[in-house]
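Okay, here's the structure, questions in a sec.
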Amino acid sequence: MLIPYQDLEPDTLNNLIESFILREGTDYGEQEIPLSKKTENVLQQLKEGSIVIQYSQLSESVTLIHKNQLAQQLNNN
């Protein structure tokens, strides 16, 4: 089930975004990008719809997922 980002409290959304960033472990090259900037980038992607918030009833967890990864999951089921 997808959850609109607007439905989450700002602190909850921020914590979810930070968890996603830390889990991704993305390499941004030689220049370090501050967590605040990474958070802004992910929030922008949520607003654009390229990242969505997914709730799993099976694991009772919430995560951010790239829309193309979600499409792959749905195609594999």
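Computation of the quantities below employed the complete heavy-atom set of this structure, encompassing side-chain atoms and omitting hydrogens, waters and symmetry-equivalent molecules.
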Exercise. What are the two closest non-hydrogen atoms of T63 and L16, and how far apart are they?
Worked result: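 Heavy-atom minimum between the residues: CA-CD1, 4.3 Å.
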
Exercise. Is L43 close to L13 at the side-chain level, that is, under 4.5 Å between some pair of heavy atoms?
Worked result: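 Of all side-chain heavy-atom pairs linking L43 with L13, at least one is under 4.5 Å.
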
Problem set entry | Distance, nearest 0.5 Å, that separates CD of Q6 from CD1 of I53 |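 One gets 8.5 Å once the value is rounded to the nearest 0.5 Å.
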
For this session: Starting from the C-alpha separation in whole Å, work towards a yes-or-no answer on side chain to side chain donor-acceptor pair (under 3.5 Å) for E48 and Q44.
Result: CA-CA 6 Å; E48 294 169 354; Q44 184 61 38; 3.2 Å; yes

For this session: Say whether, by atom type as modelled, one donor and one acceptor occur between the side chain of T12 and the main chain of L8 under 3.5 angstrom.
Result: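 No: the side chain of T12 does not pair with the backbone of L8.
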
For this session: Heavy atoms only: give me the nearest I65-L70 pair and the separation to one decimal.
Result: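 Looking at all heavy atoms of both residues, the shortest contact is CD1-N, 3.8 Å.
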
For this session: Verify, without hydrogens or angle tests, whether N76 (side chain) and Q72 (backbone) share a donor-acceptor contact under 3.5 angstrom.
Result: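 The answer is yes, because a donor-acceptor pair under 3.5 Å joins these two groups.
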
Exercise. Counting distance only, does the side-chain N/O of D7 pair as donor-acceptor with the main-chain N or O of I3 below 3.5 Å?
Worked result: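 No, the answer is negative, given that no donor and acceptor are paired below the 3.5 Å cut-off.
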
For this session: Might you point out which heavy atoms bring V42 and I21 nearest each other, and give the distance in Å?
Result: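 So the minimum-distance heavy-atom pair works out to CG2-CG1, 3.9 Å.
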
For this session: Check whether any side-chain heavy atom of E18 sits under 4.5 Å from a side-chain heavy atom of K38, and report yes or no.
Result: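 Heavy-atom side-chain distance check fails, nothing below 4.5 Å.
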
Problem set entry | Side-chain heavy atoms of L46 within contact of I17, under 4.5 Å |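 Contact flag for L46/I17 side chains = yes.
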
Exercise. CG of L64 to OG of S19: how many Å apart, nearest 0.5 Å?
Worked result: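 Output value for this atom pair is 8.0 Å.
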
Exercise. Can you name the closest pair of heavy atoms from F20 and I51 and give their distance?
Worked result: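 It is CE2-CD1, 3.9 Å.
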
Exercise. Just how far is it from atom CE of M1 to atom CD of Q54, taken to the nearest 0.5 Å?
Worked result: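 It is 10.0 Å, given to the nearest 0.5 Å.
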
